[in-house]
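Reviewing the structure listed below.
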Number of protein chains: 2
Amino acid sequence: MSGQRGRNAGGGATGGDGARPGRPTIRQVAEAAGVSVATVSRVFAGSAAVSAELTRRVHEAAGRLGYAPHVVAQSLASGRSNIIGILVPNLANPHFYSLIKYVLHDAARDGYQVLVADSDESPAAERELGLSLLRRADGLILSAPRSGPATFREFVAEGRPVLMVDRKIDDPVMSSVVVDAFGAMRDLLQHLAGLGHEHLAYLHGPARSWQEQERWRAVRGFRRQGLRVDELTATESLDDGRRVADEVLATGCTAVAAYNDLAAISLVGALAERGIRVPEDVSVTGYDDIPFGRFMAPPLTTVRAPQRDVAAAAWLAMRGLLEGQRPGARTVLSAEPVIRRSTGAPRPAAGAR
Amino acid sequence: MSGQRGRNAGGGATGGDGARPGRPTIRQVAEAAGVSVATVSRVFAGSAAVSAELTRRVHEAAGRLGYAPHVVAQSLASGRSNIIGILVPNLANPHFYSLIKYVLHDAARDGYQVLVADSDESPAAERELGLSLLRRADGLILSAPRSGPATFREFVAEGRPVLMVDRKIDDPVMSSVVVDAFGAMRDLLQHLAGLGHEHLAYLHGPARSWQEQERWRAVRGFRRQGLRVDELTATESLDDGRRVADEVLATGCTAVAAYNDLAAISLVGALAERGIRVPEDVSVTGYDDIPFGRFMAPPLTTVRAPQRDVAAAAWLAMRGLLEGQRPGARTVLSAEPVIRRSTGAPRPAAGAR
DNA sequence: TTGTATGCGTTATCAC
DNA sequence: GTGATAACGCATACAA
């Protein structure tokens, strides 16, 4: 027998005035309303037409007993949980929780709850967490996944919709929503080149990130224009600015393009500690346009990732998949540079500081 | 019949070589291993001693068939879902997702998944989302809830553990983990008073927040020391800085204590736009010590809320409750001011700017 | 439109 | 230590 066994004893023979405790079941409501359990089920699911009279009686009885459907039992019987999972590589980055916040709201409006998991940049954790989410959830949103195609196929093999956000994928069994980072990053660097910068440093992001690859591809492209581009590596945390600042200064560059705002913000802070002025001594750009970039001194030049649109597109796609649409759809959104005051013309001559 | 009807046909009479598709069930594993379903269940649950030989055979068969327990069926039968819910008032505030991130990890380590919901500061939404989470989850963590005791009792009436974070509660049916904001805020203002400030403005937070009430209580206390304290209202978003900045300037105060870092950051940004220098013209303090406060110019003087400890205490308490501990425990943590450079001595004379 | 009967995949009780 | 089996609470094919 089960754990809650005996909670709703009686009820059968003597007429429903048996044990009182615990939540009422659909059976008790049916009895109280003088209808079958199927009718109660239909009334609550809206799945089939029920006469006005019986609908009224069911609602009356349910209200009186304080009945609410048991979601776990519904899930077992129907095969749907009305839960979706969302897996991100780093919950500490505002970029990701802005996605989560919006998806949460859109999903709630459609009656879905959201299981959240954070892989902390670990492909192995991502695989495990993804599979774990897929046991519960009707679908999974993978935001900027760090693992590879083999893992994705394992996910899909679970038989539930998987949606990739910010990761290009050729496999037709998965849909995706991506932001075109290449174009936006190219435009951002065009802005730097236009200011007269000829020597850049790029702060790499996580190597397994598709967005990182796209952003770097755009930066690399400027080498062909004769610009010098040095490569450094940022981290996902805010605490690493000092090391990076020293490395940046060692390159002698006049501008730094960071993989994302977190790295840029941390760098600007560390530069300020050293008395280096931004943008007078060195220009700095970020990517994402997280809310705090506006409040730095100087306000950060960056690229605005349209997270509201990404989230909306993601939920729209996921809902479609849940309703049985064929997977494989690709949504591409574009981002745009936001020029603030962390970028300016390069200092006139070397050694000016 | 059910939605997945027919997925695992055959199996009974003819000996298990029936339909192949779909996930294997415990019954198929039992058959393949030549044991009963009860034994398979015990092996996977570790709930009772099973001989080494049978354990081996079960694992072998399960591995061969690719069996994994069906979590929804487990939930229905056991009455436990291994899911907890966490409900916050505003996911856009780093203060809250830092709590979420830590709880997520601690819970995952114990095999729990986490449903996240965001009430957007609405008590009505909080009630609805809380009840909704409680249908699925084994327990609910309420972070800084905005609704009242009546709602909390509804939550508790669902028969599952409810843990309050950052909200004092006298009801012995609920446990709580709170940070002593009063003491920390008092210390922070002592710092301001020590610098010579005699005229403060306080930026109120959400009225329904217990933390707001405690912080304000500490600020109000300084009136008895002869300090002048003007009251203004901040918002939870970063976008309202300009209005607040004008109101702050109108008071003529020499220091501003904001309810939280978000409000302080936004205020400093708006003041900078107006050419007002911090801390030379006006000192500003925040509360929470979100990561970005360190990277503002000037770095923000604030109070460090020990979120790692709060999260650890919260999960510890929740796990205890899930294991059947009696509710009612109170954990109180303390916070400390972090003096950075957004505070300084007041400008010597009025009208100096 | 409504009711009946069965199955969803497990857990846990009881007898051995 | 192991097996048989009744719940867990609901959805749904099918009959009426």
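From a predicted model like this one, the values you see are computed outputs, not experimental measurements. Residue numbers start from 1 in every chain, and the chains themselves are labelled A, B, ... in the order their sequence lines are given, proteins ahead of strands.
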Contact residues, residues 37-56 of chain A to DNA chain D [heavy atom, < 4.0 Å] | Ala38(A), Ser41(A), Arg42(A)

Between Trp315(A) and Tyr112(A), is the gap from one ring center to the other below 6.0 Å?
-> yes

What pairs of residues pass the salt bridge (Lys or Arg N to Asp or Glu O under 4.0 Å) test when at least one of them lies in residues 129-141 of chain A, not counting sequence neighbours?
-> Arg135(A)-Glu158(A)

Quick note, salt bridge (Lys or Arg N to Asp or Glu O under 4.0 Å) partners involving residues 57-79 of chain A, not counting sequence neighbours, are Glu53(A)-Arg57(A), Glu60(A)-Arg64(A)

The nucleotide from dC10(D), dA12(C), dT4(C) with an atom nearest the side chain of Thr25(A) is dC10(D)

Checking dG9(D), dA12(C), dT10(C) against the side chain of His70(B) (C-beta onward), the nearest is dT10(C)

What residues form a side chain to side chain contact (heavy atoms under 4.5 Å, CB included) with Arg167(B), not counting sequence neighbours?
-> Pro145(B), Phe152(B), Met164(B), Trp210(B)

Sugar-phosphate, base or nothing in reach of Val35(B), heavy atoms under 4.0 Å = sugar-phosphate

Taking distance alone, no hydrogens or angles, what donor-acceptor pairs closer than 3.5 Å link side-chain atoms of residues 41-50 of chain B to residues at least two apart or in another chain?
none

Can you measure [X] atom [atom1] to [N] atom [atom2] for me and round it to whole angstrom units?
{"X": "Gln28(A)", "N": "dG9(D)", "atom1": "CD", "atom2": "C1'", "value": "11 Å"}
{"X": "Gln74(A)", "N": "dA11(D)", "atom1": "CD", "atom2": "C1'", "value": "9 Å"}
{"X": "Arg57(B)", "N": "dT2(D)", "atom1": "CZ", "atom2": "P", "value": "9 Å"}
{"X": "Arg135(A)", "N": "dC8(C)", "atom1": "CZ", "atom2": "P", "value": "19 Å"}
{"X": "Arg80(B)", "N": "dC8(D)", "atom1": "CZ", "atom2": "P", "value": "16 Å"}

Starting at CG of Leu131(A), measure out to CG of Leu140(A) and round the result to the nearest 0.5 Å.
-> 9.0 Å

The helix from dT1(C)-dA16(D) to dC16(C)-dG1(D): angle between terminal helix axes, five bp per end, to the nearest 10 degrees, reads 30°

Is the shortest side-chain N to carboxylate O distance from Arg146(B) to Asp120(B) below 4.0 Å?
-> no

Is it the case that more than 12 heavy atoms not belonging to Arg127(B) sit under 6.0 Å from its CZ atom?
-> no

